[in-house]
Amino acid sequence: MNLIRYEQEVVINLNADEEMATVYSANPAWIRKMDALVREFPDVFRIKRWTEVSKTYEMPKKYIRIGKPRELSSAQKENLEKMRNGKRQMEQQ
């Protein structure tokens with residue numbers, strides 16, 4: 001069963017009293033990423049339950065991160081532009 005993109009949600013639930021967080025996902029990309037973490041680190045990440053279209057994972061909440069937007073320096077921006085232009089030239093050949 002396929003879900004429409006609007007239904008492919010990810011919900012992260014944690015609270016101050018517990019050490020573990022739960023991650024519910026009906027998004028196929030997130031499920032692949034979380035399944036890879038479960039395979040690589042089975043003592044840290046685990047699957048709690050699953051359905052035909054979703055999975056719920058449990059993990060230590062210390063691994064949940066929120067980051068600030070990346071700010072590029074002018075030199076980094078220039079370097080990225082050069083790489084983009086080089087890639088376009090290679091595609092045209």
Ignoring hydrogens and geometry, is there a side-chain-to-backbone donor-acceptor pair from K55 to I47 under 3.5 Å?
-> no
Test item: E7 side-chain N/O and I4 main-chain N/O as donor-acceptor pair under 3.5 Å | yes
F45 reachable from I12 in the ILVMFWY side-chain graph, under 4.5 Å edges = yes
May I ask you to say whether E81 pairs ionically with K77, meaning some side-chain N is under 4.0 Å from a carboxylate O?
-> no
Rounded distance [0.5 Å steps], CZ in R49 versus CD in E58 = 9.5 Å
Could you state whether W30 and V44 fall into the same hydrophobic cluster, counting links through intermediate Ile, Leu, Val, Met, Phe, Trp or Tyr residues with side-chain heavy atoms under 4.5 angstrom apart?
-> yes
Find out whether Y24 and E9 are in side-chain contact, i.e. whether some heavy atom of one side chain is under 4.5 Å from a heavy atom of the other.
-> yes
Using a 4.5 Å cut-off on heavy atoms from C-beta on, say whether the side chain of P28 contacts that of Q8.
-> yes
Determine whether Y57 and V38 make a side-chain contact, defined as any pair of heavy atoms from C-beta on separated by less than 4.5 Å.
-> yes
Are W50 and M34 linked, directly or through other ILVMFWY residues, by side chains that come within less than 4.5 angstrom of each other?
-> yes
Smallest heavy-atom separation, N15 atom then K61 atom, equals O-NZ, 2.7 Å
Counting only N and O atoms by type, is there a donor-acceptor contact under 3.5 Å from the side chain of R70 to the main-chain atoms of G67?
-> no
Tell me whether V11 is reachable from L14 by hopping between hydrophobic residues (I, L, V, M, F, W, Y) whose side-chain heavy atoms are closer than 4.5 Å.
-> no
Euclidean distance, N79 CG relative to S73 OG, rounded to 0.5 Å | 9.0 Å
Can L80 and L72 be said to form a side chain to side chain contact (heavy atoms under 4.5 Å, CB included), step by step?
-> CA-CA 10 Å; L80 282 173; L72 300 175; 3.5 Å; yes
Note, P60 side chain near E19 side chain (heavy atom, < 4.5 Å) = no
Shortest non-hydrogen contact from A26 toward L3 | CB-CD1, 3.7 Å
Test side chain to side chain contact (heavy atoms under 4.5 Å, CB included), reference M59, set L37, T22, I64, output is I64
Considering non-hydrogen atoms only, spot the tightest contact between V10 and S25 and give its length.
-> CG2-OG, 3.7 Å
